Visitor: 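The following block contains the structure, expressed as structure tokens.
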Amino acid sequence: MFVVNGIIVSCTKPYLKSSVLKVQCKTCKHIKAIPLNPGEKPVIPRRCLSGPSNKACDLDSFVVLPTSDVMDEQRMKIQENPEDIPTGEIPRTTALVANKYNVDQCVPGDKVRVTGIMMVQDMQSQQELGFGYIYVTGIEKVKERISVHYSQQEEEQFKKLSKDGRIYEKIFKSIAPGIFGSEDIKKAIGCMLFGGTRKRLPDGTNLRGDINILLIGDPSTAKSQFLKFVEQTAAIAVYTSGKGSSAAGLTASVNKDPSTGEFQIEGGAMVLADGGIVCIDEFDKMAPQGRVAIHEAMEQQTISVAKAGITTRLNSKTSVLAAANPIFGRYDETKEI
């Protein structure tokens, strides 16, 4: 048994699964119980060998009895945390199988701590070993996306900096120090990295505290370098390019699970970066439907999904830092802004 930390990226709807499948032979009425491990598909024998005089009954004579023991089961996929992924590497994912009280405990985008047992799916073909999955024995939501422990010396240094009258100037000068000038941009990025204060009005209205920034400028003015710096500095950050991103890749998609045939929700970049920052380069090269799809995520900080009979809402409390070129590629000084 071991513990895995990560983000849930996709979930199927809960379904009923037999823990002990009972089948009966139509010829000799013999009842056979087939125990099943979590995540395994039942394999019903094709012949019954319990007939009279130990003779085999007809082929495919077994039928499933409704008295089989059933329980809730759900399949999920977990991905390692964005802050744990080395630069340039593809994030690793693994399958989860949860049953009983562990079913329906989380949605895509939730950061979780899973306790489980590594198991291997038995395949009907003897030439294949099958695929590995984690049988979930306990699942816990991690409310704090980042847990950082500071030493006493670092805490004293923070207190000393907080009393410095030029702390704001020191912070924005430390943002992308290799880029000369652009002080207004650095000040704005510094405010975005710290974030604002989320407010809840007496009538129940929520006002977001996250700041969204759009950088527009000519090519070769270090816009992408600012985005790369933020991706490496922020605790939770997802970097993507507008040309290589679709509406579903940024928000959420509904796919069919190949093992069960059920539809499942898979979270996109803005769901996985919940509590962090999404950096979108080449924002002007995005398809129009891709830009429209992230409007709700930027304003309401939720993503609504209504596809294939699945209607749900996912959290996307993220700040968006986007970079784009002006119309026709570069700024035209003969026209107004």
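If you're wondering where the values come from, they're calculated on a predicted model, not measured in any experiment.
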Visitor: Is Arg75 reaching over with its side chain to a backbone N or O of Ser10, donor-acceptor style, under 3.5 angstrom?
Guide: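 Pair absent, no side-chain N/O of Arg75 close to backbone of Ser10.
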
Visitor: So do Thr115 and Met1 actually touch side chain to side chain, heavy atoms under 4.5 Å?
Guide: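 Met1 reaches Thr115 side chain to side chain.
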
Visitor: Where do Thr93 and Gln79 come nearest, in terms of heavy atoms and distance?
Guide: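 In this case the closest contact between Thr93 and Gln79 is CG2-CB, 3.8 Å.
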
Visitor: Any side-chain donor paired with an acceptor under 3.5 Å for Arg198 and Gln301?
Guide: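 Side-chain D/A pair, Arg198 to Gln301: present.
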
Visitor: Which ILVMFWY residues are connected to Val292, directly or by a chain of links, through side-chain heavy atoms under 4.5 Å apart?
Guide: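 Direct or chained contacts put Val292 with none.
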
Visitor: In this structure, are over 12 heavy atoms from other groups packed under 6.0 Å from Lys285 atom NZ?
Guide: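 Yes, NZ of Lys285 has more than 12 neighbouring heavy atoms, counting only those of other groups under 6.0 Å.
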
Visitor: Say whether, by atom type as modelled, one donor and one acceptor occur between the side chain of Gln74 and the main chain of Ala98 under 3.5 angstrom.
Guide: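 Checking the backbone N and O of Ala98 against the side chain of Gln74, no donor-acceptor pair under 3.5 Å is found.
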
Visitor: Considering all heavy atoms of both residues, which atom of Glu155 and which atom of Tyr150 are nearest to each other, and what is their separation?
Guide: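 Heavy atoms only, the tightest pair is OE2-O, 3.9 Å.
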
Visitor: Ring pair (Phe, Tyr, Trp, His ring centres under 6.0 Å) with Phe194: which residues, sequence neighbours excluded?
Guide: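 Phe194 satisfies ring pair (Phe, Tyr, Trp, His ring centres under 6.0 Å) with no other residue.
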
Visitor: Find out if a path of hydrophobic residues (ILVMFWY) with successive side-chain heavy-atom gaps under 4.5 Å connects Ile78 to Met118.
Guide: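 Yes.
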
Visitor: Should the heavy atoms of other residues, nucleotides or ligands under 6.0 Å from CD1 of Ile327 be counted, would the total exceed 12?
Guide: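 Counting neighbours around CD1 of Ile327, 12 or fewer heavy atoms of other residues, nucleotides or ligands fall under 6.0 Å, so no.
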
Visitor: Linking I/L/V/M/F/W/Y whenever their side-chain heavy atoms sit closer than 4.5 Å, directly or via other members, would Tyr133 and Ile117 fall into one cluster?
Guide: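 Yes, one cluster joins them.
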
Visitor: Measure the CG-NZ distance between Asp274 and Lys317 for me, rounded to the nearest 0.5 Å.
Guide: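 Those atoms lie 6.0 Å apart.
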
Visitor: For the residue pair Lys186 and Phe172, would you count it as a cation-pi contact if the rule is NZ or CZ under 6.0 angstrom from the ring centre and within 45 degrees of the ring axis?
Guide: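 Lys186 over Phe172 ring: no.
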
Visitor: In Å, rounded to the nearest 0.5 Å, how long is the span from CZ of Phe229 to SG of Cys279?
Guide: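 Going from the CZ atom of Phe229 to the SG atom of Cys279 covers 11.5 Å.
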
Visitor: Donor-acceptor check, side chain of Asp110 to backbone of Val112, threshold 3.5 angstrom: yes or no?
Guide: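 Checked: no pair found.
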
Visitor: Go through Phe283 and Leu215 one step at a time and tell me if the side-chain contact (heavy atoms from CB on, under 4.5 Å) criterion holds.
Guide: CA-CA 9 Å; Phe283 197 63; Leu215 304 178; over 6 Å; no

Visitor: Could you measure the distance from the CD1 atom of Ile303 to the CG atom of Leu314? Nearest 0.5 Å is fine.
Guide: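 Rounded to the nearest 0.5 Å, the CD1-CG separation comes to 6.5 Å.
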
Visitor: For Lys223 and Ile216, what are the C-alpha separation, side-chain angles and deciding distance, and is it a side-chain contact (heavy atoms from CB on, under 4.5 Å)?
Guide: CA-CA 8 Å; Lys223 298 188 300 297; Ile216 299 181; over 6 Å; no

Visitor: For residues Ile139 and Met76, determine if any side-chain heavy atom of one lies less than 4.5 Å from a side-chain heavy atom of the other.
Guide: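 In contact.
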
Visitor: With the 4.5 Å side-chain cut-off for hydrophobic clustering, are Val136 and Val103 part of the same group?
Guide: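 Each belongs to a different hydrophobic cluster.
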
Visitor: If Ile, Leu, Val, Met, Phe, Trp and Tyr residues are connected whenever their side-chain heavy atoms lie under 4.5 Å apart, and connections chain through other members, are Ile189 and Ile179 in the same group?
Guide: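 Shared cluster, yes.
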
Visitor: Between Val4 and Thr94, does a side-chain contact (heavy atoms from CB on, under 4.5 Å) hold up when you go through it step by step?
Guide: CA-CA 10 Å; Val4 177; Thr94 186; 5.6 Å; no

Visitor: More than 12 non-hydrogen atoms from neighbouring residues, nucleotides or ligands closer than 6.0 Å to CD on Gln157, yes or no?
Guide: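 Open: at most 12 neighbouring heavy atoms sit under 6.0 Å from CD of Gln157.
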
Visitor: Is it possible for you to say whether Ile280 and Ile211 belong to one hydrophobic cluster, with membership spreading through side-chain heavy-atom contacts below 4.5 Å?
Guide: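 In one cluster with Ile280: Ile211, no.
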
Visitor: Might you confirm whether atom CZ of Phe180 has over 12 heavy atoms from other residues, nucleotides or ligands at distances under 6.0 Å?
Guide: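 No, not enclosed.
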
Visitor: Does any part of the side chain of Ile277, heavy atoms only, come nearer than 4.5 Å to the side chain of Leu193, both counted from C-beta?
Guide: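 They are in contact (side-chain heavy atoms under 4.5 Å apart), so the answer is yes.
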
Visitor: Would you name the heavy atoms of Pro177 and Ser174 that are closest together and state the gap between them?
Guide: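 It is CD-O, 3.5 Å.
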
Visitor: Decide yes or no for Asn315 and Thr302: does some side-chain heavy atom of the first lie under 4.5 Å from some side-chain heavy atom of the second?
Guide: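 Asn315 vs Thr302: side chains touch.
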
Visitor: Closest approach of Cys106 and Cys11, non-hydrogen atoms and distance?
Guide: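 Nearest pair, atom of Cys106 first, then Cys11: O-SG, 4.0 Å.
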
Visitor: Please round to the nearest 0.5 Å and tell me the distance separating atom CE of Met270 and atom CD of Glu296.
Guide: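 The distance works out to 10.0 Å.
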
Visitor: So does Lys187 have more than 12 non-hydrogen atoms from other groups sitting under 6.0 Å from NZ?
Guide: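 For Lys187, atom NZ is crowded (more than 12 foreign heavy atoms under 6.0 Å).
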
Visitor: So, for Ala323 and Leu227, which heavy atoms are closest and what is the spacing to 0.1 Å?
Guide: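 So the minimum-distance heavy-atom pair works out to CB-CD1, 3.9 Å.
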
Visitor: Do the non-hydrogen side-chain atoms of Thr318 and Val238 ever get within less than 4.5 Å of each other?
Guide: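 No - every pair of side-chain heavy atoms lies 4.5 Å or more apart.
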
Visitor: Can you measure from CG (Asn102) to CG (Asp72) and round to the nearest 0.5 angstrom?
Guide: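 Rounded to the nearest 0.5 Å, the CG-CG separation comes to 11.0 Å.
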
Visitor: Got a donor-acceptor contact below 3.5 angstrom from the Glu73 side chain to the Asn99 backbone?
Guide: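 The answer is no, because no donor-acceptor pair under 3.5 Å joins these two groups.
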
Visitor: Measuring from atom CD1 of Ile175 to atom OG of Ser182, what distance do you get when rounded to the nearest 0.5 angstrom?
Guide: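 Spacing of CD1 (Ile175) from OG (Ser182) equals 11.5 Å.
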
Visitor: Determine whether Leu96 and Ile8 make a side-chain contact, defined as any pair of heavy atoms from C-beta on separated by less than 4.5 Å.
Guide: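 Result yes, sub-4.5 Å side-chain heavy-atom pair found.
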
Visitor: Pair Lys13, Asp104 - check salt bridge (Lys or Arg N to Asp or Glu O under 4.0 Å), show working.
Guide: CA-CA 8 Å; Lys13 291 190 293 186; Asp104 219 8; over 6 Å; no

Visitor: Can you find a heavy atom in the side chain of Pro219 that is under 4.5 Å from one in the side chain of Asn325?
Guide: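 Yes, their side chains come closer than 4.5 Å.
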
Visitor: Can you give me the closest heavy-atom contact between His295 and Arg291, atom names plus distance?
Guide: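 The answer is CD2-O, 3.1 Å.
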
Visitor: Hey, mind stepping through Met286 and Leu250 against side-chain contact (heavy atoms from CB on, under 4.5 Å) and telling me if it holds?
Guide: CA-CA 11 Å; Met286 284 180 65; Leu250 286 171; 3.5 Å; yes

